[in-house]
**Q** 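Following this message is one structure expressed as structure tokens.
None of these values were measured; they are calculated from a predicted model. Read the numbers this way: they start at 1 and go in the same order the structure lists the ligands and their atoms.
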Amino acid sequence: MAERARGRTIGFVPTMGALHAGHAALLDEARRRADLVVCSIFVNPKQFAPGEDLSRYPRRLEDDRALCEACGVDVLFAPGADEVYPPGFDTQVRAGRLASILEGASRPGHFDGVLTVVALLFAVVQPHFAVFGEKDFQQLALVKRMVRDLRLTVEIVPMPVIRDVDGLALSSRNAYLSKDDRARAPALSRALMAAQDEAQRGVTDIARLTAAARGMLAATAGVVVDYVEVRDPRTLEPLATLDRDARVLIAARLGGVRLIDNGPVFAGVRYPR
Ligand code: PAF
């Protein structure tokens, strides 16, 4: 990018569109740090397995453009699939062990698709830094891992989960929820809080923390739990006791819509929510 040669700091926010206040927070952070803010909108077919929601993933380019303008985005990059993957494209990044657990266990190949497009977008945009939300905590960990492993010269800036007033983590896929399921969906954030409350009381046994979260999920009809885990925040390895800062990660289905959420759980100290 010529802008880079001119010495301007380029900040990048990769997205799949259907932008909401969570994306706006990423863009605001990029705006705060960069001379030039680039936002990409590309619904990446390589990260959807057959039968997933690629064809019905929300596409709202005009609304997205307005949000980008309001957030002071300088360049909105919304390429077509043929531009990103021209005929003959035949290379992909293969994510390692971190991609086989948690989300990767339910969505094989998903993170290979994510890392392939993220590496490709980094090569095109050549940002100094890129902002990723902690909402997709495992994705963030994998992107950081790829940047370290491949010695990419982009700084990864994480941003906290942005929540609706009732605690539901913002996600473009929340639009799939029926009215009733939308009302039930804050069960996930209540479950995180239940685990955090236990930790705050001094409980360090991980099984007790996850049991508290599961109990909260079980109290809401229609919630089908996929996993509730407390993991090392960097390696995502399981922990037996809360002997360090950790992450509670939850995935559950509501009316067929898969929701994920996560939050910090600190050993023996108070923490903000
Ligand atoms: O988090 C997302 O929206 C996507 O996974 C990303 C990082 C834009 C890659 O397609």
**Q** When the ring planes of F89 and Y85 are compared, do they come out parallel, tilted or perpendicular, using 30° and 60° as the limits?
**A**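 Perpendicular: the ring planes of F89 and Y85 meet at over 60°.
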**Q** For residues L188 and I250, report the shortest heavy-atom separation together with the two atoms involved.
**A**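 Smallest interatomic distance, heavy atoms only, reads O-CD1, 3.8 Å.
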**Q** For atom 6 (C) of ligand 1, which of H110, K135, Q47 has the closest heavy atom?
**A**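 Considering heavy atoms of H110, K135, Q47, the nearest to atom 6 (C) of ligand 1 sits in Q47.
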**Q** Would you mind listing which atoms of ligand 1 come within a distance below 4.0 Å of any non-hydrogen atom of V117?
**A**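 Taking each heavy atom of V117 in turn, ligand 1 has 9 (C), 10 (O) under 4.0 Å.
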**Q** Are any of the N/O atoms on Q139, whether in the backbone or the side chain, positioned under 3.5 angstrom from an N/O atom of ligand 1?
**A**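 Yes: some nitrogen or oxygen of Q139 is under 3.5 Å from one in ligand 1.
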**Q** What do you reckon, does T15 have a nitrogen or oxygen under 3.5 Å from a nitrogen or oxygen of ligand 1?
**A**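 Min N/O separation from ligand 1 is not below 3.5 Å for T15.
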**Q** Once you restrict to heavy atoms under 4.0 Å, what part of V143 touches ligand 1? Side chain, backbone, both or neither.
**A**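 Neither part.
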**Q** When you measure from the side chain of R258 to the backbone of G256, do you find a donor-acceptor pair of N or O atoms at a distance under 3.5 Å?
**A**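 Here the side-chain-to-backbone pair does not exist.
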**Q** Taking all non-hydrogen atoms of both residues into account, name the closest pair between R163 and S189 and its distance.
**A**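 Scanning both residues completely, I find the closest heavy atoms to be NH1-CB, 3.5 Å.
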**Q** Applying salt bridge (charged side-chain N to carboxylate O under 4.0 Å, His left out), run through R173 and D53 and close with a yes or a no.
**A** CA-CA 10 Å; R173 288 189 168 103; D53 56 342; 2.8 Å; yes
